[in-house]
Number of protein chains: 2
Amino acid sequence: MVIRDKIAADTCDVYFVDENKVGAVQKLLESIVVFSELAELFKVLGDPTRIKIIYILSVEELCVCDIAGVLGLSVSAVSHQLRTLRNLKLVKFRREGKMAYYSLDDAHISQLFNQGLEHIKE
Amino acid sequence: MVIRDKIAADTCDVYFVDENKVGAVQKLLESIVVFSELAELFKVLGDPTRIKIIYILSVEELCVCDIAGVLGLSVSAVSHQLRTLRNLKLVKFRREGKMAYYSLDDAHISQLFNQGLEHIKE
DNA sequence: GTAACATTTGAACAACTGTGCAAATGAGGT
DNA sequence: ACCTCATTTGCACAGTTGTTCAAATGTTAC
């Protein structure tokens with residue numbers, strides 16, 4: 001797909017930009033609501049605390065206060081973040097008495113995690 | 001790796017948590033500075049504007065003001081975001097006269113992009 | 001030199017986000 | 001009934017973020 005015509009390649013006045021094609025791309029961007037969701041997924045992964053929680057849970061199923069203990073955060077803070085992760089179905093939990101044991105809910109997450117590491121290493 | 005002992009499985013008092021293993025995990029978390037970088041990568045991808053820019057650039061190399069035109073944003077806003085993307089080496093640019101043509105700088109990004117979509121679709 | 005244009009940069013502002021505190025909820029034991 | 005403990009939730013506040021405006025930078029043409 002071509003967004004600009006070559007004839008417009010030497011200037012940036014809006015006048016020269018191919019209106020039809022720009023319109024097409026805009027429509028594409030709008031129609032694909034997925035972008036918002038995708039950004040939301042990455043945004044949730046884009047916090048040090050949450051990415052650590054995800055890593056910890058990829059190692060072992062844990063309850064809230066243990067996660068808090070490992071991360072050195074308040075139980076409340078962890079619970080807040082777990083809710084965020086739950087909303088995007090990245091983690092799940094099972095109740096056992098008073099405790100809530102959290103674990104990863106999606107296989108894709110580990111893949112995203114590792115692929116992200118790939119980029120970091122470069 | 002085990003973070004908690006089974007003996008501690010029915011309570012959450014810090015006293016009962018295996019201090020050695022918690023310490024080990026904490027040390028692991030600290031030593032792996034990568035987590036911060038990884039979170040930063042995801043954070044940068046976690047913005048609607050930036051994810052759209054990345055998508056647009058995966059289609060075609062474009063100059064700043066055309067990206068702004070397609071997204072309906074000010075040139076300044078786009079330039080700010082492009083700098084963020086440049087800092088993480090997600091996009092690169094070549095100068096040609098007054099114009100700066102941006103394109104993707106990393107093959108991994110497309111993969112991350114698509115893998116993120118996988119999760120959304122579920 | 002000046003003028004025009006694309007881009008970058010800094011400042012300011014509103015909007016959002018992560019955390020801790022305190023109160024509320026829920027679930028087991030006595 | 002009560003008490004205890006794990007978790008959740010609402011609130012407040014500091015810190016961060018995305019945008020726009022205006023000024024600065026850099027490049028081309030005259």
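Values reported hereafter were calculated over all heavy atoms of this structure, with side chains retained and with hydrogens, waters and symmetry mates removed. What you see is a predicted model, and the numbers here were worked out from it, not measured in a lab. Numbered from 1 within each chain, the chains take letters A, B, ... in sequence-line order.
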*If you round to the nearest 0.5 Å, how far is CG of Leu82(B) from CD1 of Ile53(B)?*
5.0 Å

*For Phe93(A), report the nucleic acid contact type (base, sugar-phosphate, nothing); a contact means any heavy atom under 4.0 Å.*
nothing

*If you measure from CZ on Arg50(B) to NZ on Lys43(A), what distance do you get to the nearest 0.5 Å?*
9.5 Å

*Got a second to check how far Ile109(A)'s CD1 is from Leu104(A)'s CG, nearest 0.5 Å?*
7.5 Å

*Toward the 5' end of DNA chain D, which comes first, Gly97(B) or Val64(A), by nearest nucleotide?*
Val64(A)

*Separation of Met99(B) atom CE from dT25(D) atom P, in whole Å?*
22 Å

_CG-CG distance between Leu38(B) and Leu45(A), expressed to the nearest 0.5 angstrom_ = 8.0 Å

*In whole angstroms, how far is the P atom of dT9(C) from the CG atom of Asn87(B)?*
9 Å

*Would you kindly give the CD1-to-P distance between Ile53(B) and dT7(C), to the nearest whole Å?*
13 Å

*Atom CG of Leu57(A) and atom NZ of Lys92(A): how far apart are they, to the nearest 0.5 Å?*
11.0 Å

*Counting N and O atoms only, with roles assigned by atom type, does the side chain of Ser58(A) sit under 3.5 Å from a partner on the main chain of Tyr55(A), one being a donor and the other an acceptor?*
yes

*Hey, is the side chain of Tyr102(A) poking within less than 4.0 Å of OP1 or OP2 on dT8(D), counting only N and O atoms?*
yes

*Please state how far atom CD in Glu40(B) lies from atom P in dT16(D), giving the value in whole angstrom units.*
13 Å

Protein-nucleic acid N or O pairs under 3.5 Å, nucleotides 17-20 of chain C:
from, atom 1, to, atom 2, distance (Å)
dT17(C), OP1, Lys43(A), NZ, 2.8
dG18(C), OP1, Arg50(A), NH1, 3.0
dG18(C), OP1, Arg50(A), NH2, 2.6
dG18(C), OP2, Arg50(A), NH1, 3.4
dT19(C), OP1, Thr49(A), OG1, 2.6
dT19(C), OP2, Gln81(A), NE2, 2.4
dG20(C), OP2, Ser74(A), N, 3.2
dG20(C), OP2, Ser74(A), OG, 2.7
dG20(C), O6, His80(A), NE2, 3.0

*Between Lys98(A) (NZ) and dA6(D) (P), how many Å, whole number?*
6 Å

*Could you state the OH-P distance from Tyr101(A) to dT8(D), rounded to the nearest angstrom?*
13 Å

*Distance check: side-chain N/O of Arg95(B) vs OP1/OP2 of dT7(C), anything under 4.0 Å?*
no

